[in-house]
**Student:** 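Provided herewith is a single structure, encoded as structure tokens, for subsequent inquiry.
None of the values given here were measured: they were computed from a predicted structure. Values below: all heavy atoms of this structure, side chains included; hydrogens, waters and symmetry mates excluded.
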Amino acid sequence: MIKYTEDHEWLSVTGDIATVGITVHAQDALGDVVFVDLPAVGSTFAQKAIAGVVESVKAAADVYMPVSGDITEVNEALRDDPSLANSDPLGAGWFFKVKLSDAKQLDALLDEAAYAAFAKDA
């Protein structure tokens with residue numbers, strides 16, 4: 001299952017683990033990503049808390065936690081090559097994985113069609 005936020009993060013959920021990244025729309029708006037600040041493994045975040053930062057040649061943007069939970073893994077390859085957020089934002093450019101603490105929070109997130117409509121107007 002893939003869900004989206006109005007803050008332009010995506011998450012792909014398998015069981016109780018969600019992989020999180022920024023959307024194509026977000027990376028288009030940011031331009032060339034040059035740095036990412038990822039959360040520490042083991043950190044716990046509430047939904048909508050700032051979990052990281054992505055910096056581009058044009059701007060810096062916060063990465064918000066789409067759901068509450070514990071960080072289980074971060075994408076070290078993204079630290080080494082931040083441009084993965086541009087070249088493959090929905091694949092190799094993922095940011096972190098989180099163990100969900102409340103799966104019901106997923107119900108309030110956007111599906112692909114709803115996000116596409118939202119992003120078109122953003």
**Student:** Could you go through the side chain to side chain contact (heavy atoms under 4.5 Å, CB included) check for M65 and I71 one step at a time?
**Tutor:** CA-CA 10 Å; M65 187 62 107; I71 303 298; 3.5 Å; yes

**Student:** Measuring only between side-chain heavy atoms, which start at C-beta, is M1 closer than 4.5 Å to L11?
**Tutor:** no

**Student:** Enumerate the residue pairs fulfilling ring-ring contact (aromatic ring centres under 6.0 Å, His included) with a member in residues 58-106, sequence neighbours excluded, ordered by first and then second residue.
**Tutor:** none

**Student:** Drop me the distance from L110's CG to E6's CD, to the nearest 0.5 angstrom.
**Tutor:**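 One gets 5.5 Å once the value is rounded to the nearest 0.5 Å.
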
**Student:** Mind listing the side-chain donor-acceptor pairs of residues 115-122 below 3.5 Å, one per line with the distance, residues two or more places apart or on another chain?
**Tutor:**
{"from": "Y115", "atom 1": "OH", "to": "H8", "atom 2": "ND1", "distance (Å)": "2.6"}
{"from": "Y115", "atom 1": "OH", "to": "T23", "atom 2": "OG1", "distance (Å)": "2.8"}

**Student:** Could you state whether V63 and Y4 fall into the same hydrophobic cluster, counting links through intermediate Ile, Leu, Val, Met, Phe, Trp or Tyr residues with side-chain heavy atoms under 4.5 angstrom apart?
**Tutor:** no

**Student:** Do we see a donor-acceptor contact under 3.5 Å between the side chains of S68 and D102?
**Tutor:** no

**Student:** Closest heavy-atom contact between I22 and A85?
**Tutor:**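 Closest pair (atom of I22, atom of A85, distance): CD1-CB, 4.3 Å.
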
**Student:** Just do the side chain to side chain donor-acceptor pair (under 3.5 Å) check on D7 and T5 with the steps written out, would you?
**Tutor:** CA-CA 5 Å; D7 295 313; T5 71; 4.7 Å; no

**Student:** For E73, what residues pass the salt bridge (Lys or Arg N to Asp or Glu O under 4.0 Å) criterion, not counting sequence neighbours?
**Tutor:** K97

**Student:** Do you reckon L78 sits in the same ILVMFWY cluster as L90, going by side-chain contacts under 4.5 Å, direct or chained?
**Tutor:** no

**Student:** My understanding is that only residues two or more places apart in sequence, or in another chain, count here; which of them pass side chain to side chain contact (heavy atoms under 4.5 Å, CB included) with P82?
**Tutor:** V33

**Student:** Are F35 and L38 linked, directly or through other ILVMFWY residues, by side chains that come within less than 4.5 angstrom of each other?
**Tutor:**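 Per the 4.5 Å side-chain linkage, F35 and L38 are not co-clustered.
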
**Student:** At what distance, to the nearest 0.5 angstrom, does CD of Q27 lie from OG of S87?
**Tutor:**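 If I round to the nearest 0.5 Å, the distance is 8.5 Å.
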
**Student:** So do T72 and V41 actually touch side chain to side chain, heavy atoms under 4.5 Å?
**Tutor:** no

**Student:** Mind checking what makes salt bridge (Lys or Arg N to Asp or Glu O under 4.0 Å) contact with K99, not counting sequence neighbours?
**Tutor:**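 For K99, the residues satisfying salt bridge (Lys or Arg N to Asp or Glu O under 4.0 Å) (neighbours in sequence not counted) are D16.
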
**Student:** Quick check: does any side chain N or O of N86 sit under 3.5 Å from a backbone N or O of G31, one acting as donor and the other as acceptor?
**Tutor:** yes

**Student:** Name each donor-acceptor pair under 3.5 Å that joins a side chain in residues 46-59 to protein atoms two or more places apart or in another chain, with its distance.
**Tutor:**
{"from": "Q47", "atom 1": "OE1", "to": "Q105", "atom 2": "NE2", "distance (Å)": "3.4"}
{"from": "Q47", "atom 1": "NE2", "to": "P66", "atom 2": "O", "distance (Å)": "2.8"}
{"from": "S56", "atom 1": "OG", "to": "L30", "atom 2": "O", "distance (Å)": "2.6"}
{"from": "S56", "atom 1": "OG", "to": "K58", "atom 2": "N", "distance (Å)": "3.0"}
{"from": "S56", "atom 1": "OG", "to": "A59", "atom 2": "N", "distance (Å)": "3.0"}
{"from": "S56", "atom 1": "OG", "to": "A59", "atom 2": "O", "distance (Å)": "3.1"}
{"from": "K58", "atom 1": "NZ", "to": "A29", "atom 2": "O", "distance (Å)": "3.2"}

**Student:** Taking all non-hydrogen atoms of both residues into account, name the closest pair between G15 and V13 and its distance.
**Tutor:**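 Smallest interatomic distance, heavy atoms only, reads O-CG1, 3.5 Å.
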
**Student:** Could you state the interatomic distance from CG (D70) to OG (S101), rounded to the nearest 0.5 Å?
**Tutor:**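 Result: 7.0 Å between the selected atoms.
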
**Student:** Taking the side chain as every heavy atom from C-beta outward, state whether V67 and V20 have any pair of such atoms under 4.5 Å apart.
**Tutor:**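 They are not in contact (no side-chain heavy atoms under 4.5 Å apart), so the answer is no.
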
**Student:** Can you name the nearest heavy-atom pair linking A92 to N75, along with the distance?
**Tutor:** O-ND2, 2.8 Å

**Student:** Within the side chain of W10, is there an N or O that forms a donor-acceptor pair under 3.5 Å with the backbone of E112?
**Tutor:**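 No, W10 side chain to E112 backbone: no donor-acceptor pair under 3.5 Å.
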
**Student:** Decide side chain to side chain contact (heavy atoms under 4.5 Å, CB included) for I17 and V98; before the verdict, give the C-alpha distance in whole Å, the side-chain angles of both, and the deciding distance to 0.1 Å.
**Tutor:** CA-CA 6 Å; I17 301 292; V98 58; over 6 Å; no

